[in-house]
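Everything numeric in this text was worked out from a predicted model, so none of it was measured.
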Amino acid sequence: MINYLNSGGPILYLLVVLSIIALGVILERTYCFMKNKTCVNTEFKKEIKTLLLDEKYKEAIEFSKTEKGVVGKTLTKFLIRYCEVKDFKNSDELLREIELEEMEILEKNTYLLGIIAYTAPMIGLLGTVTGMIQAFGNIAVSGTGDPNAIAGGISQALLTTAGGLIIAIPSIIAYNIFNKRIEKMGLEVEKIATFIVNIVKR
């Protein structure tokens, strides 16, 4: 491993740092999404609807706390603030504000994966170019008779290209999976939010 790093030069060390960051983000976001359910069940909707129609707001708040994840937190915060102000007209704006706060938690650090996914191949290509420059520089000095003179440059070129792709591929896959989960959770929050607002405005 150390031999590969030494052969790849400083560009490969930079790619190793990017791979550690990408792995850290993937693990952290995976844990975050595991804690947050994608959707709520029908029983939850029925129970919360009954409590709100009966104007049992305290009971509704306590019940919403049993629903883990973004949806539960959004409803709990909304009901707490709603019970304080009892503002029917601005309930849509209030819920939307809370939605954005909670969705921001899901989107945290995801952008880093996008940056790494798109820059890692470019950095690998930079290593390829510098490696080939080194190889041709050695050829200019010692000629083509000594293969060892160009082996180092070619080795650096190939290792950095491979390193960039090895980092970029899983980063792109993870980035798209996480964005899909965020989109799905966002739609679920929108649905339950509309559902709640329609009830409290009756």
Side-chain angles (χ1 to χ4, degrees), residues 1-40 67-78 93-137 151-193:
M1 183 64 181
I2 299 298
N3 289 335
Y4 283 127
L5 289 173
N6 290 334
S7 299
I11 299 292
L12 195 57
Y13 279 98
L14 175 58
L15 289 171
V16 169
V17 172
L18 290 179
S19 70
I20 293 170
I21 295 171
L23 180 60
V25 172
I26 290 170
L27 292 175
E28 187 270 333
R29 287 293 84 195
T30 300
Y31 177 71
C32 175
F33 287 119
M34 285 174 65
K35 290 195 305 179
N36 290 280
K37 292 165 60 177
T38 307
C39 58
V40 294
E67 184 67 24
K68 304 300 180 184
V70 172
V71 176
K73 288 178 183 177
T74 301
L75 290 181
T76 302
K77 286 184 178 180
F78 170 73
E93 290 79 4
L94 174 60
L95 193 48
R96 184 60 183 164
E97 179 186 333
I98 297 170
E99 273 182 67
L100 292 174
E101 289 174 6
E102 292 302 319
M103 291 307 294
E104 190 175 335
I105 295 171
L106 293 179
E107 295 168 355
K108 181 184 176 183
N109 296 331
T110 307
Y111 73 96
L112 288 174
L113 278 181
I115 293 173
I116 292 171
Y118 291 113
T119 56
M122 305 302 289
I123 294 171
L125 182 60
L126 175 62
T128 301
V129 173
T130 56
M132 295 309 294
I133 290 172
Q134 179 185 328
F136 283 112
I154 294 175
S155 177
Q156 177 180 328
L158 295 175
L159 284 171
T160 53
T161 301
L165 292 174
I166 288 169
I167 296 167
I169 292 169
S171 295
I172 289 172
I173 293 171
Y175 179 73
N176 284 288
I177 289 173
F178 291 152
N179 275 339
K180 193 66 179 176
R181 287 292 300 274
I182 291 170
E183 183 182 339
K184 192 171 183 180
M185 287 186 180
L187 288 172
E188 185 62 28
V189 171
E190 286 284 349
K191 287 179 185 176
I192 196 72

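- Between I21 atom CD1 and S171 atom OG the span is 10.5 Å, to the nearest 0.5 Å.
- At a threshold of 4.5 Å between non-hydrogen side-chain atoms, the residues L126 and T160 do not count as touching.
- In this structure, CG on N176 lies 11.0 Å from CD on E183, to the nearest 0.5 angstrom.
- Rounding to the nearest 0.5 angstrom, the gap separating the OG atom in S19 from the CG atom in L14 is 10.0 Å.
- A heavy-atom distance below 4.5 Å is found between the side chains of T30 and F178.
- Counting heavy atoms from C-beta outward, T161 and L125 have side chains that stay 4.5 Å or more apart.
- Here CG of L112 is found 10.5 Å from CG of L18. Values are rounded to the nearest 0.5 Å.
- The shortest non-hydrogen separation linking L113 to A22 is CD2-O, 3.8 Å.
- At distances below 3.5 Å, not a single donor-acceptor pair connects side-chain atoms of R29 with backbone N or O atoms of Y175.
- Applying the side-chain contact (heavy atoms from CB on, under 4.5 Å) test between I116 and each of I123, I167, I172 identifies I167 as the sole match.
- With contacts defined as side-chain heavy-atom distances shorter than 4.5 Å, the pair N179/I182 qualifies.
- Here I26 contributes atom CD1 and L23 contributes atom CG; the two are 6.5 Å apart, rounded to the nearest 0.5 Å.
- Side-chain atoms of T110 and V25, non-hydrogen and from C-beta on, never get closer than 4.5 Å to each other.
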